[in-house]
Every structure is written in C-alpha cells, then in structure tokens.
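A short write-up of the structure that comes next.
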Amino acid sequence: MHSETPASLPLKMAAIGGLLFLHLPLALIFLYAFTTEEKSFQFPPPGLTLRWFSVVWFERPDIWGPLWLSVKVATLATLIALVLGTLAAAALSRAKFFGKDSISLLFILPIALPGIITGISLRSAFDIMSVPFSTWTIVLGHATFCIVVVYNNALARFRRLSGSMIEASMDLGANGPQTFRHVILPQIGSALLAGSMLAFALSFDEVIVTTFTAGQQTTLPIWMLNELIRPRQRPVTNVVALIVIAVTFLPILAAYYLTREGEHTGGTGK
Amino acid sequence: MPAAVSFQRVSRHFGHVRAVDDVSLEIAEGEFFAMLGPSGSGKTTCLRLIAGFEQPSSGHIEIFGQTAEGLPPYRRNVNTVFQDYALFPHMTVGENVAYGLMIKGVGRAERDAKALDSLSMVKLKGFEQRRPSQLSGGQRQRVALARALVNQPKVLLLDEPLGALDLKLREQMQEELKALQKQLGITFVFVTHDQGEALSMANRVAIFNDGKIVQEGTPNDVYERPRSRFVADFVGSSNLLPPEFAMAHGGTKAWTSLRPEKIKVVAPGEPVHGNHHTVSGHIISIQYQGAVTRISTDVEGTRIAAVVPTLNDIFKEGDPVQLAWETHNLVAMDAA
C-alpha cells in the first residue's frame, strides 16, 4: 500500500525525531565502549581506546559465568517453547470448540502481563511448592513468555496450511509422523525458526522475571545491572552490551528475513 | 466377487446432525459411480467414510470384502482427488506425484519413472519441475489425479473434481475422466452436485438428500423414471403435475413428472400425429436458448414448460397453443 501524497515536513521531522530518540542511546552505548574515561560517562569522550575489549577478555573472568547461564537458560526456554507452542498452535488452528478464543487468550496473556506479575506469581508458586531456585526455575519463568512468541508464529502458518493437505498426505499412505515430517514441518519450519529466534532473544535479556526466579544466580543482564553501580571499569559494561546486542540482534534480523521469505513460498498454495 | 465398496446401514452423526443416515449401497468393481445431491445431503461424508477420514457412527463398510471401519486412511488401498486439489506447495509437481511411492519406500529411480508415466497419462509430461503455484486450475487438477493414480488404487475417489473449472475445461475433463476410467478399469466414485456431470460420466448414480439415498440407478433410469418430486426436480428440470391434473390428462392420481422435451407444441387446430394426449393453453413466455427454445405455457391454471427445437419464430407470447404428449411419458411419483 503506497500513500499518494508525500508526507508533510513536520511529519517527516517527527518521524526522524522518533527514530533518533529510539536509536541514539544505542549509538552512545557503542561509543562509550571505546572511551578512555572509566569512572563516569562524559561527552565527548576524552579519548578512544580498544583497551576494554582486552579487559573483558583477559581480566574479568566474572563475566563468563553469567553469560553462560544466560545462553543456557535462553536455549532451554526456547526448546520448551518450541515444543509446547507448536503443539498448542497445531491444536487451536484446527479444532473448533466452545471457549477456544479464551484458551487462545490464555496462551498470549503471559506476554501481555507485566513481567513483575509473572515474576511474583512464579516466585510465590515456587515458595509454596518449596522448589529451590535453580537454572530450571529461571527457565520455567522464561518459557511462559517464550511460548507465546512461538505459538503466535506457528499459529499464523498453521492457518494457511489447509486441512485437506494433511488428509491428502494420509490418503497417499503417510501416517502421522511421516505427514509431520514431509508435509507439515517443511511448511511451518521457517515460522518455527523465526519464533524460536525471537524467543531466544527475549529470554536472553530478560531481567524482571529473572530477578524473581533466579535466587542467588546471576544472568548476564543482572550482572550488567550490578556492574553499573560500581565505580570502576565502567566501559566494560558497554563492551558486554555490544556483545548482547550482537547475540540478540542477529537472530532477530535472521527471523525477519526467514518469515518474509515464507510468505512468498507459502501463500500461493491455492 | 465382493463389491468394490459396500455400505451396510451406515450412519454418521455429528452431534444431532445426521449427515449420513442409514445408507446401504453396493458399488461394483470397475464402475463409474456418482453420488449426486445438493450441498449438505451427505454425499461428501459418504466419500470421506470410504477414504477413512470419517468413521461410521453405526453400520458396516467393506472395501473389496475387507472391513473398513477402524482402518486409518493410510491403510486403505483407496486414493482421493480433493476438491481443492490439496497439492503440497513446497514440492515440485514431480515430487507431489511421487509422494505416495516415496512414503512406501520405492527407490528414487523407479518412483521418478512411475511419476513420469502417471503425469503423461494426464498429459502433463514436462511439468515435473514446476511448482503447483505455477500451474493453472485445470493443470493442478490433473496433477492431483496423477498423484492419486500413481499408487494404483483399487478405488479412486473424486470430490467435486470439476467444480472449480470453467465450463469448457469441465466438458473436456468429463470426457478425459471417462476415457481414463475405461482405460484403467479402476472403480471411480465421484461426488458432485452437478446433475449434468453425473449423468454424462457415471454408469450408475445415487441421489442423496438429507443424508439418505433417495434413488439409485443408471443415469437413464433416474432421469426417465424419477421416483420422487425431489429427484424429478433435481435431476434435469421437469414439470411436476398435481395428482388431479395428471389424472385428467392421461396419467394416474399421483404427483407426476413430465419432462419438458417430451412435450410437442403445435398451433391450435393443427393435427398431431401418433397416439398423443392433447391439451390447450396459452404461452406465457418464450426463452430462446440457442439450439432449443423453452416455452412456458399455462394450461388450466397449471404451468407447463416445453423444450422444443428452435425453428422459426412461429409462436409469440400470449398465443394460444396445443400441447401434446404420449401418456407413457407421464411418470407417477411418491408425494415427497
């Protein structure tokens, strides 16, 4: 859809202003990763250096524990979400029953609810059941909203997959697992990949739910939060922030291109 | 020899809806069998019962003597051509056709050769590498046909196979399907709401209404001798004469069907040759339809339509006319 008249000047300015407001802070994080001043962030930076990258690599072993924990949690939460979200989408896209919309809403609710609510309720649930905090409590907390992302992506694709295609596969001799492998998976695969990449990125930088479900463990975002309070070696945080941007941004970009491609190949079935 | 498909008092209920209600039928091997009926009459559910997508609520189904209820679709030697073709969009035409063989574990070289044979049978040789989205509706339909036939099914099911095609293509496919069925000798069962299609292709027709078979027989049989007003009206068009009128004009005291093309229209006073019953009335409207002309008349307050070969403009609207028919063309029916 293209609008016919060009946008007015104030509208253009507003748009540019909005974009700058969103992305300038990111540029500053990038900039201060290279500053020579380690106690406070002054503008402009008094000098530029690559020193902090070597500090992160050689002098700060405390980074690697939280980084590994975050990768582990994000991976596990994504895997759980992938299985449960796909199954839920498969069921709700085909079945028709009373209360279907309500159930669909229940699936999406965790991402609409403030993280603090999810966090508190999970924490008290773990308390009541006397579940000790572990990697798995964080994973469960993250899975609640990761499922939503996978579910939404998969649901959109399942709706395009006509029911008669599955019947056709069975009719031609394929049982359930064979039909899944040869007919369903190839058609929902890119949506699942996109969903799981988004889920991974969401989990990787999550703070609020994590604070409530982590106990004494430190994930990377929590490590960064603690680091900001300390006066020394501040740019180290910025270097780690760059790493986080790289780890989360690249999958999201990939997800975007994958789903876009899926629309070209998947939408022309009829 | 057992029937290809046999239904014994089969019902399929969805909640309170009796989609198929106590249906018994036998389809012989090699038959081209049509299930004809309006939408919601149960014909498609019957087809799905044969394919295995539905299980009967009660009754017994046999396919070539083998009990079918409880067997999933992938264990039946039956293949389906779907109404929306249901081709797999992520596969090429060749892969689509070879799918059934791949699932069975047939080697690549053999299944490619068989897929090619099957595609040339439906005149689509050279299309193996295309995607379904690059084909026209008629071509997709042929791919769906090839994909089903490559498995050498004992029964081929066709669900409204020609519904989505335009008229010219539909007529062509009717001929081809019929020729293909003759050549292969496979039992074809097809579902349609188009009576023309059913009459022109099938050896035998079952007419469905409200989940029941209301009449079954050869196309000629159901057309010439409809047993109920529903059949007379649904298969072709017919004049439904009320009992009193029928009795007064050569029939019996029952609802009676009189096909429009069995009626002769002549000017008043003109002699009619042969053993005809004549009545007089006047013309209400004349519809020119090319080769034939449809003349609607009023005879003693009853509307009677006649279809006659188009000649010159002998008649005008409002003219008095004589209608004549041989009394054996009056077919007495049940009241329903």
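Every chain is numbered from 1, with letters handed out A, B, ... down the list of sequences.
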Exercise for the section: Test B/Y74 against A/T179 for side chain to side chain contact (heavy atoms under 4.5 Å, CB included), laying out the working first. Expected result: CA-CA 10 Å; B/Y74 52 85; A/T179 299; over 6 Å; no
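Separation of atoms CE (B/M102) and CD (A/Q178) is listed at 7.5 Å; rounding is to 0.5 Å. Note that CE of A/M165 and OH of B/Y85 are 14.0 Å apart. Values are rounded to the nearest 0.5 Å. To the nearest 0.5 Å, the span separating NE2 on A/H182 from CZ on B/F88 amounts to 10.5 Å.
For B/N79, the parts lying under 4.5 angstrom from a heavy atom of chain A are both the backbone and the side chain.
Within 6.0 Å of the CZ atom in B/F14, the count of heavy atoms belonging to other residues, nucleotides or ligands exceeds 12. In the displayed structure, B/Q55 atom CD is contacted under 6.0 Å by more than 12 heavy atoms of other residues, nucleotides or ligands. The environment of A/W64 atom CH2 is dense: over 12 non-hydrogen atoms of other residues, nucleotides or ligands sit within 6.0 angstrom. Annotation for B/K123: atom NZ does not count as buried by contact number, only 12 or fewer foreign heavy atoms lying within 6.0 Å. Residue-environment remark: CG (B/D210) stays at or below the threshold of 12 foreign heavy atoms within 6.0 Å. Surrounding CZ of A/F21 are at most 12 heavy atoms belonging to other residues, nucleotides or ligands under 6.0 Å away.
Nearest heavy atom pair, residue B/H90 against residue A/P186, reads CD2-CB, 3.3 Å. When every heavy atom of A/S164 is checked against every heavy atom of B/F82, the shortest pair comes out as CB-CD2, 4.0 Å.
Residues A/E167 and B/P73 have side chains not in contact (no heavy-atom distance under 4.5 Å, counting atoms from C-beta outward).
With respect to chain A, the highest number of heavy-atom pairs below 4.5 Å among B/I103, B/N77, B/L157 belongs to B/I103. Chosen from B/K104, B/R147, B/R131, the residue pairing most often with chain A at heavy-atom distances under 4.5 Å is B/R147.
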